[in-house]
Amino acid sequence: MSAENYRPGQIEPKWREYWASNRLHEAKDNDPRAKYYCLDMFPYPSGSGLHVGHWRSYVLPDCWSRYKRLQGFNVLHPMGWDAFGSPAENDAIQKGIHPAVGTKRNIENFKRQLQEIGAMYDWSREINTTDPDYYKWTQWIFVMMFNAGLAYKTFMPVNWCPSCKTGIANEDVVNGRCERCGTEVTKKELNQWMLRITKYADRLLSGLEKLDWPEKVKTMQTNWIGRSEGAEVTFTSIAADGTEHPLKIFTTRPDTLFGATYMVMAPEHPLVKELTSPDRAAAVDAYIEQVKNERDVDRAAKTEKTGVFTGAFAINPVNNEKIPIWIADYVLMAYGTGAIMAVPAHDERDYEFAKTFGLEIREVISSPKGVAEEPFIGEGTMINSGPFTAMPSAEGRTAIVRRLEEKGLGRGTVNYKLRDWVFSRQRYWGEPIPIIHCSINCGLVPVPEEDLPVRLPDVERYQPTGTGESPLASIHDWVNTRCPNCGGPAKRETDTMPQWAGSSWYFLRYASPHADDVLITEKGKEWLPVDLYVGGVEHAILHLLYARFYTMFLHDIRVVDFDEPFLRLFNQGMITYVGKSGKSEKMSKSKGNVVNPDDLVREFGCDSLRMYELFVGPPELDAEWNDHGIDGVYRFLKRAWHWVWVHNGKWPTSPTKEILQLRHRLIKDVTERLEGLRMNTIVSSFMEFLNHVTSRNEAPDKETVEAFLIVIAPFAPHFAEELWQQTGHQPSIFFEKWPCWNEAYTAAETVTIAVQINGKLRATILVPADAPEETVVETARKDPSVARYLEGKQIRKTIYVKNRILNFIVG
RNA sequence: GCGAAAGUGGCGGAACUGGCAGACGCGCUAGACUUAGGAUCUAGUGGCUCACGCCGUGGGGGUUCGAGUCCCCCCUUUCGCACCA
């Protein structure tokens with residue numbers, strides 16, 4: 001083999017073998033270096049394998065991890081498998097392949113592909129959420145939550161996916177459809193396990209402040225939690241027959257209580273039946289039926305207000321006024337109390353509704369324009385508000401709440417959009433919920449720690465029953481057991497956990513993956529929290545919210561000593577592809593537009609693909625795949641290889657000023673741009689460096705070659721290792737230190753100054769760097785193309801920006 | 001409807017706190033070397049113009065000696081949220 005030709009196919013497997021057999025990527029506990037934990041969102045090992053879009057998400061964090069290692073950090077960069085979930089289960093149903101078998105096969109393929117990335121994953125810490133040694137702890141956390149009162153079982157209308165045949169969480173419903181399969185979600189009354197995530201609502205909100213996360217993600221989480229301060233106020237409803245019921249409402253604007261001219265209940269409100277008068281019953285029933293039918297379907301597009309009068313009235317506690325009670329679908333049962341006081345003068349929705357049905361609009365906050373044309377939402381001076389008149393609205397708000405509290409008719413309160421987490425799934429391929437139902441008198445009993453894990457038994461049929469019971473319910477000798485408490489007959493819980501369960505804490509397990517007596521060891525805790533977490537923005541709410549919740553809980557029970565798991569978050573953009581449609585679309589197997597990385601690795605090598613994945617565009621944005629783009633990077637690596645080889649061993653003892661400058665600029669550019677994760681521009685820097693250094697036709701010194709190889713190593717690790725060895729160094733290059741630059745050397749001796757006349761570029765001149773203004777002006781005036789414009793004109797003003805620009809203003 | 005991000009050559013994209021717009025790469029054109037070229041090398045490549053030059057960062061205004069960058073208005077695309085009281 002002629003070493004002068006770049007043959008990635010020959011060198012790459014060799015170095016991967018070297019790294020593996022020398023355990024170079026294993027993160028060691030008890031290391032004097034500072035730790036750095038760089039985490040990729042672990043994949044679901046699907047049957048279709050990796051495409052170049054997935055690759056992109058793994059290359060950036062690996063590049064970063066290798067950089068951190070070269071900077072002297074003890075880096076933990078692990079990988080594992082989020083392997084519970086419906087695709088494997090669906091394969092089981094359709095093809096009769098046991099999910100464990102299919103999952104194992106997929107993992108093997110995924111692992112092979114991931115290894116071709118050449119990443120420094122520590123495979124000795126590989127985890128798999130379906131491994132009983134792993135899910136023992138997933139179950140253990142559930143038991144701890146149960147003991148802490150955070151896990152409870154309740155009957156409630158849950159989101160039901162008719163295709164997955166399982167209940168799902170609010171977070172799993174996207175635009176009224178199942179997040180996993182896209183089927184429209186319906187409601188079903190089911191006895192479900194719930195997690196009291198709402199108890200952590202405030203902490204989940206305030207914790208965001210200190211995180212170095214994209215603002216977009218923080219905003220999404222903030223909106224999801226949806227905290228509103230306001231008041232709960234009790235009105236008294238009076239049905240047509242005279243019976244009275246308290247009717248609670250939530251409002252963020254108690255200062256507008258005097259402007260309430262009617263009330264609205266959600267159609268599902270439990271009091272609807274009792275409050276509907278006989279003469280209104282037909283209309284009310286019809287309306288409820290109508291709303292039921294159009295639920296979730298067209299509601300998004302619906303703008304006009306609909307509703308119906310119940311025939312009942314309510315007494316406003318602040319002024320004892322009698323106002324009508326309506327039913328309308330713009331009030332949601334799931335938010336607040338499911339009923340509102342309507343203040344049309346100061347709320348857009350109430351305003352529209354009042355206009356539609358001719359209800360009174362009473363101004364109670366002085367509006368500059370009046371409320372005849374539009375509602376006034378802002379703050380102002382209170383009017384028509386009894387004793388509170390003339391108060392500023394913000395002040396009146398607290399005053400009214402205080403008055404209500406004194407009278408026991410209301411209280412200041414906080415409302416959240418966040419709901420408790422529906423944690424039950426009526427599916428097979430998940431962690432069994434480790435609870436036993438004692439038939440005698442112990443009720444719900446958690447499986448004792450020594451009996452964990454509760455292993456997932458084999459079943460004959462994976463098909464969900466659709467009745468709200470999981471397939472596990474059919475295995476009688478598994479279901480029937482003894483109560484751990486009293487020893488009496490008992491039944492196991494047959495629901496399983498959602499896929500999120502295993503992924504809500506996996507980052508902890510990497511720290512001590514083999515510990516069998518604790519979730520995480522004391523040594524292991526030193527790795528945490530995660531310093532950089534990289535993954536797609538599609539997990540901005542679900543996964544990240546759940547993982548933060550789990551971490552906060554584990555903090556509270558002293559399993560870990562921090563309460564935010566991910567200090568810095570980076571969202572990678574997707575790879576899109578212009579397919580047959582002519583439009584840019586997401587790469588997916590179903591669209592038939594996937595580009596397989598295996599073929600590209602075979603043809604151009606892993607290093608070329610790594611660099612192209614980074615070069616393709618700004619990492620935080622989606623990028624369009626270009627089939628020829630990789631050619632340029634491949635050419636660059638070939639040229640760079642050649643350049644190192646041609647001069648190998650013939651290095652001059654000291655570099656020329658120009659080479660020195662190019663070297664220091666390269667180090668500076670790469671380092672600074674790495675810190676900002678601007679990988680796409682770093683690849684450009686390498687190319688520019690090579691273009692300059694080869695066009696100079698002079699041999700580089702040894703130190704320049706070394707610096708070049710070290711800074712390129714995070715990007716093209718095999719390439720760098722091979723040349724490092726070929727140039728007479730001991731492997732591995734990753735034992736080296738990241739080079740420094742000297743600012744003084746990065747500066748050029750001469751600079752090009754742009755000369756403008758009245759702001760228009762007329763010439764460029766070459767002057768010594770940092771030349772005094774007079775010299776530059778003098779040189780510029782002598783330049784013929786400048787002189788031409790100055791002739792016969794008077795220079796009124798001269799603007800000089802050092803080493804950059806000179807602008808003559810002439811009259 | 002609300003919120004966020006984006007809009008720069010044929011294409012992907014550069015441009016640090018306002019200072020030579022188009023770096024780097026793809027593609028394309030011409031040439032060299034070749035039996036050959038989807039290899040390699042050299043030169044060129046924003047538009048208009050023979051040229052001096054003029055015009056150019058979604059559109060329109062503005063600030064400034066100077067604007068892709070700052071301010072105001074509008075358009076388009078993408079992504080969130082969507083009656084949250």
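The chains referred to below are lettered A, B, ... by the order of the sequence lines, with proteins before strands, and numbering in each begins at 1.
- Of all nucleotides present, none satisfies the Watson-Crick or G-U wobble test against B/rG56 with each distance under 3.5 Å.
- When atom types are taken as modelled, the side chain of A/Asp420 and the backbone of A/Thr198 share a donor-acceptor pair closer than 3.5 angstrom.
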Nucleotide by nucleotide, 5' to 3', does protein get under 4.0 Å of the base (B), only the sugar-phosphate (S), or neither (-) in nucleotides 15-26 of chain B, counting heavy atoms?
SB--BB--BBSS
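- Residues A/Lys668 and A/Glu743 are paired through a salt bridge, judged by an N-O separation under 4.0 Å between the basic side chain and the carboxylate.
- B/rA14 is unpaired under the criterion used here, namely a Watson-Crick or G-U wobble arrangement in which both key atom distances are under 3.5 Å.
- By the 30° and 60° cut-offs, the orientation of the rings of A/Tyr6 relative to A/Tyr634 is tilted.
- Side chain of A/Glu352 to main chain of A/Glu304: no donor-acceptor pair is present (N/O by atom type, distance under 3.5 Å, no hydrogens or angles).
- When the nearest nucleotides of RNA chain B are assigned to A/Lys760 and A/Asp622 by heavy-atom distance, the more 5′-ward of the two goes with A/Asp622.
- Among the nucleotides B/rC54, B/rA39, B/rA85, the one closest to the side chain of A/Lys638 is B/rA39.
- Between B/rU45 and B/rC11, the distance separating the two C1' atoms is 14 Å to the nearest Å.
- In terms of phosphate contacts, A/Lys218 brings no side-chain nitrogen or oxygen within less than 4.0 Å of OP1 or OP2 of B/rG3.
- Using the Watson-Crick or G-U wobble rule with both distances under 3.5 Å, B/rG68 pairs with nothing in any strand shown.
- In this entry the distance linking CZ of A/Arg762 with P of B/rC52 reads 12 Å, nearest Å.
- Relative ring orientation between A/Trp643 and A/His647 is described as perpendicular, the plane-to-plane angle rising above 60° on a 0-90° scale split at 30° and 60°.
- Because its NZ or CZ atom is both nearer than 6.0 Å to the ring centre of A/Tyr330 and within 45° of the ring axis, A/Lys305 counts as a cation-pi partner of that residue.
- Residue contacts shown for A/Ile809 are limited to sugar-phosphate atoms, with no base heavy atom under 4.0 Å away.
- The line from OG1 of A/Thr779 to CD of A/Glu774 is 11.0 Å long, rounded to the nearest 0.5 Å.
- Nucleic acid contact class of A/Tyr789 (heavy atoms, under 4.0 Å, all strands): sugar-phosphate only.
- Under the Watson-Crick and G-U wobble criteria, each requiring two contacts below 3.5 Å, nucleotide B/rU42 is paired to B/rA30.
- In this entry B/rA36 has no Watson-Crick or G-U wobble partner, no candidate having both defining distances under 3.5 Å.
- Nucleotide B/rU76 forms a Watson-Crick or G-U wobble pair with B/rA6, both donor-acceptor distances falling under 3.5 Å.
- As the counterpart of B/rA51, no nucleotide is assigned, since no Watson-Crick or G-U wobble pattern has both distances under 3.5 Å.
- The pairing partner recorded for B/rG1 is B/rC81, the criterion being a Watson-Crick or G-U wobble arrangement whose two distances lie under 3.5 angstrom.
- Dashed line: the shortest gap from a side-chain N or O of A/Lys216 to OP1 or OP2 of B/rG80 is not under 4.0 Å.
- Between A/Thr219 and A/Ala623, the residue whose closest nucleotide on RNA chain B is further toward the 5' end is A/Thr219.
- We find that CD of A/Glu215 is positioned 17 Å from C1' of B/rC79, with the value rounded to whole Å.
- Applying the ring pair (Phe, Tyr, Trp, His ring centres under 6.0 Å) rule to A/Phe636 yields no partners; only residues at least two apart in sequence or on another chain are considered.
- A/Phe686 places its CZ atom 17 Å from the P atom of B/rA14, with the value rounded to the nearest Å.
- Taking atom P in both B/rC74 and B/rG19, the straight-line distance is 28 Å, to the nearest Å.
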